[in-house]
Amino acid sequence: MPAIENLRIRKILDSRGNATVEVDVTAGAVVGRAAAPSGASTGKYEVAAWPSGGVDEAILLFRREIAANLKGVDSAEQEEVDRILHAVDGTADFSRIGGNVAVATSLAAVKAAAASARKPLYAYLGGGRTPPFPLGNVIGGGRHAIGGTDIQEFLSLARDPTPSRSVFANARAHRAVAEILMKRLPGEAIGRGDEGAWVAKLTNEEALSVLLEACDRASAETGVPCTPALDMAASEFYRDGTYVYKERTLTPDQQVEYVAGLVESNGLTLVEDPLDQEDFAGYARLTDRVGSACVVVGDDLFATNPERLRRGIREGSANAILIKPNQIGTLTDTRATVALAKEAGYRTVMSHRSGETTDETIAHLAVAFGSFAIKTGAVGGERIAKLNELIRIEESLGG
Ligand code: PGA
Ligand code: ZN
């Protein structure tokens, strides 16, 4: 395979209007390109997104150190590329060069390698038998919107094995939410949050009832089972040992009961980050209680980190892991976490961040990793970049 000849970096916009980086890796006749996303409800155990000097320092370090060290490396040697990124950084959490510049470089390199091999990325990475179910955010709040629900995301999980059918079903659920809100809240302003989900003056229970109706309507009209799911992002409202909602404050034990009740009485098929990111024991209790019927996903809990996941597996915390490559910084590290999850029978859910670009790479990674689901919104330019790529992959799989 051709050696890496040239590397470029540029500052581009993300969907929130913040600066992020895009990297081009040239190897022989091909260019691999990837961009880094960014979170708003970031977990405590994620790698540092940027160096202390921010995006500009990351770009400077890339030009001075990363590019020089990667030139001449065989583009097929992904582990070597990622080893060099760690070596140049020299810290345990990418705090010197920033995980975002690392992830953009790592993914641009593998995309160059796949292009040299004349294969789509998912096939180059050896996956492609069972595409993921799309998981789309349709009502939201938390850190992604002002004035929305305490619970960050109310989602539709569309469960048709043909991605294009599921993608359109989630888009239908998203539109159904607007129809229901206009009827229930006549004359009220409604808007959209960072991931394109609807934001309205609703309690968590009201939002859940809108979600259930929207899922039913989308299922009936499309014939695709759309099932309700939540990302609670509970660490964001956990303060001094309690979960602080607008209407109530719950102890950790009460929170386990509350979430179990939500799952059981609403038929939730998936719940993400239902407890604080430190509470492995609480996760284990909840998983014990609802885990046979519900996918319990750790996002902030695991931060795509194999050490965190290993502890979760040991303690029986959750039964699935959210995978966000920029939480850990390289493709090789991401693959190691995915392999560990698979070995332990944990499902993986490949995920976008709330701040995104039109980069489509995670659609390929979800297929390559055999992920149970891909969580990348329901509508919006930077979200449909991934969803439409999933539809193209379906076509190339012969669907
Ligand atoms: P983030 O949120 O990208 O803002 O961290 C997404 C999530 O919590 O899943
Ligand atoms: Zn989350």
Side-chain angles (χ1 to χ4, degrees), residues 14-18 20 35-50 99-100 103 132 134-146 148-157 192-197 199 229-238 243 259 268 270-279 283 286 294-305 308-309 312 317-329 334 337 347-357 359 361-362 365-366 371-378 380 382-383 385-386:
D14 79 6
S15 54
R16 275 193 279 257
N18 293 328
T20 188
S38 68
S41 68
T42 47
K44 187 170 160 195
Y45 296 96
E46 301 188 19
V47 298
W50 303 107
N100 275 7
V103 85
L135 179 59
N137 189 359
V138 296
I139 311 172
R143 289 266 177 137
H144 296 167
I146 297 163
T149 47
D150 307 308
I151 292 178
Q152 184 177 280
E153 302 171 29
F154 295 76
L155 306 123
S156 165
L157 178 70
R192 279 166 51 175
D194 284 352
E195 295 181 355
V199 180
L230 296 177
D231 177 3
M232 300 188 74
S235 298
E236 297 295 335
F237 53 88
Y238 184 70
Y243 295 89
V259 177
L268 301 182
L270 180 148
V271 63
E272 176 182 330
D273 280 355
L275 295 161
D276 180 61
Q277 60 201 327
E278 309 287 2
D279 193 4
Y283 266 90
L286 182 69
C294 181
V295 182
V296 181
V297 190
D299 169 14
D300 291 344
L301 178 73
F302 297 135
T304 317
N305 180 311
R308 303 275 304 168
L309 177 60
S317 312
N319 56 27
I321 176 172
L322 206 75
I323 302 291
K324 290 169 165 169
N326 85 323
Q327 282 183 327
I328 190 75
T334 306
T337 302
R347 286 171 156 148
T348 63
V349 176
M350 191 69 213
S351 174
H352 66 169
R353 302 305 305 250
S354 51
E356 265 296 341
T357 70
D359 186 291
T361 314
I362 62 165
L365 297 185
S371 291
F372 166 72
I374 179 169
K375 184 185 184 218
T376 186
E382 69 283 3
R383 316 293 153 186
K386 287 86 168 153

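Counting starts at 1 for both ligands and their atoms, following the listed order. Each residue takes its place number in the sequence, starting with 1. As the structure is a computational prediction, the values presented were derived from the model and not from experiment.
In this structure, Ala36 and Val103 approach most closely via the heavy-atom pair CB-CG1, 4.0 Å.
Between Ser41 and ligand 1, a contact under 3.5 Å exists for at least one N or O pair. Between Glu272 and ligand 1, a contact under 3.5 Å exists for at least one N or O pair.
Asn319 contributes a side-chain N or O that, together with a main-chain N or O of Val296, makes up a donor-acceptor pair within less than 3.5 Å. Checking side-chain atoms of Asp14 against main-chain N and O of Gly17 turns up a donor-acceptor pair under 3.5 Å. With Asp300 contributing its side chain and Gln277 its backbone, the two residues share no donor-acceptor pair below 3.5 Å. The closest donor-acceptor contact from the side chain of Thr376 to the backbone of His352 lies at 3.5 Å or more, if one exists at all.
Taking every non-hydrogen atom of Asp299 and a distance limit under 4.0 Å, the qualifying atoms of ligand 1 come out as 7 (C), 8 (O), 9 (O). Taking every non-hydrogen atom of Glu153 and a distance limit under 4.0 Å, the qualifying atoms of ligand 1 come out as 6 (C), 7 (C), 9 (O). Near Gly39, meaning under 4.0 Å from any of its heavy atoms, are these atoms of ligand 1: 1 (P), 3 (O), 4 (O), 5 (O). Counting atoms of ligand 1 from 1 in the listed order, those under 4.0 Å from a heavy atom of Asp231 are 7 (C), 8 (O), 9 (O). Atoms of ligand 1 found under 4.0 Å from any heavy atom of His144 (numbered from 1 in listed order, with element): 1 (P), 2 (O), 4 (O), 6 (C).
Of the listed residues (Lys386, Lys324, Lys375), just one forms a salt bridge (charged side-chain N to carboxylate O under 4.0 Å, His left out) with Glu356, and that residue is Lys386. The only member of Ile321, Ile374, Leu322, Leu135 that meets side chain to side chain contact (heavy atoms under 4.5 Å, CB included) when paired with Ser351 is Leu322. When each of Glu195, Arg16, Arg143, Glu153 is checked for a side-chain hydrogen bond (donor to acceptor under 3.5 Å, both in side chains) with Ser354, only Arg16 meets the rule.
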* Please step through side chain to side chain donor-acceptor pair (under 3.5 Å) for the pair Asp276 and Tyr283, ending with a clear verdict. => CA-CA 9 Å; Asp276 180 61; Tyr283 266 90; over 6 Å; no

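Ranking the protein heavy atoms by distance from atom 3 (O) of ligand 1 puts Ser354 N, 2.7 Å first. Remark: minimum distance from atom 6 (C) of ligand 1 to any protein heavy atom is reached at Lys324 NZ, 3.5 Å. When only non-hydrogen protein atoms are considered, atom 5 (O) of ligand 1 lies nearest to Arg353 NH2, 2.8 Å. In this structure, atom 8 (O) of ligand 1 lies nearest to the protein heavy atom Gln152 NE2, 3.0 Å. Given atom 9 (O) of ligand 1, the protein heavy atom at minimum distance is Lys375 NZ, 2.8 Å.
If you count the protein N, O or S atoms nearer to the Zn ion (ligand 2) than 2.8 Å, you get 3.
The number of heavy atoms from other shown groups lying within 6.0 Å of CZ (Arg192) is above 12.
Taking the side-chain contact (heavy atoms from CB on, under 4.5 Å) definition, one finds that Asn305 meets it with Glu307, Arg308, Ile328, sequence neighbours left out. The ring-ring contact (aromatic ring centres under 6.0 Å, His included) check on Tyr45 picks up nothing, with sequence neighbours excluded. Here Glu46 pairs with Gln327, Arg353 under the side chain to side chain donor-acceptor pair (under 3.5 Å) rule; sequence neighbours left out.
Residue contacts with ligand 1, taken as heavy atom pairs separated by less than 4.0 Å, do not involve Asp300 at all. With a heavy-atom cut-off of 4.0 Å, Ala40 touches ligand 1 through backbone and side chain alike.
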